[in-house]
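For reference, the structure is listed below as structure tokens.
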Amino acid sequence: MTISNYLPDDLGQTAAVALAEVFSTQLKLSLEESSAAIDSSALVHSSVSIIGERMEGSVLLQFSELFAARATELLIGGECEEDDIKDVTGELCNMIAGRVKVGLTAAGFTGTLATPTVTVGAFIKLRQVGDSEFCETNWSCEGHGINLQIIIRILPS
Amino acid sequence: MTPKILSVDDSRAIRMVLKRLFRPFACELFEAGDGEEGLAVATSEKPDLIILDYNMPVMDGVTMLRKMRENPELKRTPVIMLTADASSEIINTVARLGVRDYVTKPFDDAHLLDKVSRVIALNRIEEA
């Protein structure tokens with residue numbers, strides 16, 4: 001059994017809805033699903049761990065530094081510093097993870113969100129361990145690529 | 001009297017969003033980056049409302065709430081939770097601690113402003 005067996009929508013759909021809601025509500029931006037992988041070596045990545053007694057997992061959001069600066073400008077306005085860009089990227093991932101966690105809690109998998117970790121560098125791929133469930137989707141927003149990965153593992157009882 | 005609002009959130013971006021949001025209104029906005037700092041600012045400034053995050057380093061929102069409720073000077077200060085985590089167990093926990101309202105991130109500016117104005121107005125009626 002994977003976590004999707006317990007969710008009303010599967011894990012990928014749950015994450016996609018969360019991403020679209022965060023972008024539309026907080027940034028007033030719409031997204032289009034894309035088949036193309038993001039193409040940049042200078043990416044900002046933010047990850048948030050979800051840790052519970054019965055499950056554990058991570059949400060990873062990554063996009064170009066250019067888009068990170070654009071999102072920061074949209075959210076807080078005016079000129080932004082590097083710390084602001086990291087903070088906004090972390091907060092966006094935190095909001096997505098929060099939405100995913102609501103779905104997990106409703107399905108009986110309680111847990112806590114860790115504070116976001118933000119780094120800059122080349123593309124990151126989460127490594128699937130054991131019988132964890134992994135979903136990856138690519139999106140396009142104002143011509144920028146957005147990559148969202150989520151991995152959840154039900155812990156043995 | 002100009003209302004005092006305290007924003008307690010570890011995300012500087014969220015605090016900046018709130019600063020921008022409340023700038024056109026006649027209110028004083030104070031900031032804190034965690035619950036410990038939030039308690040210190042709340043004690044010194046006696047805000048009319050606290051907008052509080054849940055998940056923060058050093059001291060989280062629930063611990064700050066518990067400490068406020070033990071403090072005679074702060075126990076009646078209205079609090080709106082503003083957090084990414086809207087899980088039922090967290091909503092139940094903060095409701096038991098007397099939180100007036102709950103707004104989940106991502107949030108709509110007008111929705112938050114509406115809740116803030118309602119809570120401040122209601123509190124003034126209760127105190128009159």
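Proteins get letters first, then strands, A, B, ... in listed order; numbering begins at 1 in each. Remember, predicted model here, so these are calculated numbers, not experimental data. Below, all heavy atoms of this structure are taken into account, side chains as well, without hydrogens, waters or symmetry copies.
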**Request:** For each of Val102(A), Thr105(A), Asp87(A), tally heavy-atom pairs with chain B at distances under 4.5 Å, and name the one with the top tally.
**Result:** Asp87(A)
**Message:** Would you say that more than 12 heavy atoms from the other residues, nucleotides or ligands in this model lie under 6.0 Å from the NZ of Lys46(B), or not?
**Reply:** yes
**Request:** Decide whether Phe30(B) and Met68(B) are clustered together by the hydrophobic rule: side chain heavy atoms of Ile, Leu, Val, Met, Phe, Trp, Tyr closer than 4.5 Å, transitively.
**Result:** yes
**Message:** So for atom CZ, which belongs to Arg20(B), do other residues, nucleotides or ligands contribute more than 12 heavy atoms lying within a distance under 6.0 Å?
**Reply:** yes
**Complete:** For Leu66(A), the other hydrophobic cluster members (4.5 Å side-chain criterion, sorted by chain and number) are none
**Item:** Ala114(A) portion near chain B, given a 4.5 angstrom heavy-atom threshold
**Value:** backbone
**Separation between NZ of Lys86(A) and OG of Ser11(B), rounded to the nearest 0.5 Å** = 14.5 Å
**Fill in**
So CG of Asp60(B) and OG1 of Thr115(A): to nearest 0.5 Å the spacing works out to 11.5 Å
**Message:** Heavy-atom count check: over 12 atoms from other residues, nucleotides or ligands less than 6.0 Å from Glu82(A) CD?
**Reply:** no
**Prompt:** Shared ILVMFWY cluster between Val44(A) and Ile150(A), side chains joined below 4.5 angstrom?
**Reply:** no
**Complete:** residues 88-111 of chain B vs chain A, non-hydrogen distance cutoff under 4.5 Å, contacting residues -> Ser88(B), Glu89(B), Ile90(B), Thr104(B), Lys105(B), Pro106(B), Phe107(B), Asp108(B)
**Asked** Taking everything shown except Lys67(B) itself, do over 12 heavy atoms lie less than 6.0 Å from its NZ?
**Response** no
**Item:** Closest non-hydrogen atom pair, Ile76(A) against Ala13(B)
**Value:** CG2-O, 3.5 Å
**Asked** chain A heavy atoms under 4.5 Å from Arg12(B): which part of the residue, side chain, backbone, both or neither?
**Response** both
**Message:** Please tell me whether Leu113(A) and Leu82(B) are part of a single hydrophobic cluster in this structure, the criterion being side-chain heavy atoms less than 4.5 Å apart.
**Reply:** yes
**Check: Val17(B) and Glu91(A) side chains under 4.5 Å, non-hydrogen atoms** = no
**Request:** Decide whether Leu19(A) and Leu75(A) are clustered together by the hydrophobic rule: side chain heavy atoms of Ile, Leu, Val, Met, Phe, Trp, Tyr closer than 4.5 Å, transitively.
**Result:** yes
**Item:** Salt bridge present between Lys101(A) and Asp85(B) (N-O < 4.0 angstrom)
**Value:** yes
**Prompt:** Can you check side chain to side chain contact (heavy atoms under 4.5 Å, CB included) on Met95(A) and Ile14(B), steps first, answer last?
**Reply:** CA-CA 12 Å; Met95(A) 291 178 195; Ile14(B) 294 297; 3.9 Å; yes
**Asked** Is the count of non-hydrogen atoms from other residues, nucleotides or ligands lying under 6.0 Å from Glu37(B) atom CD greater than 12?
**Response** yes
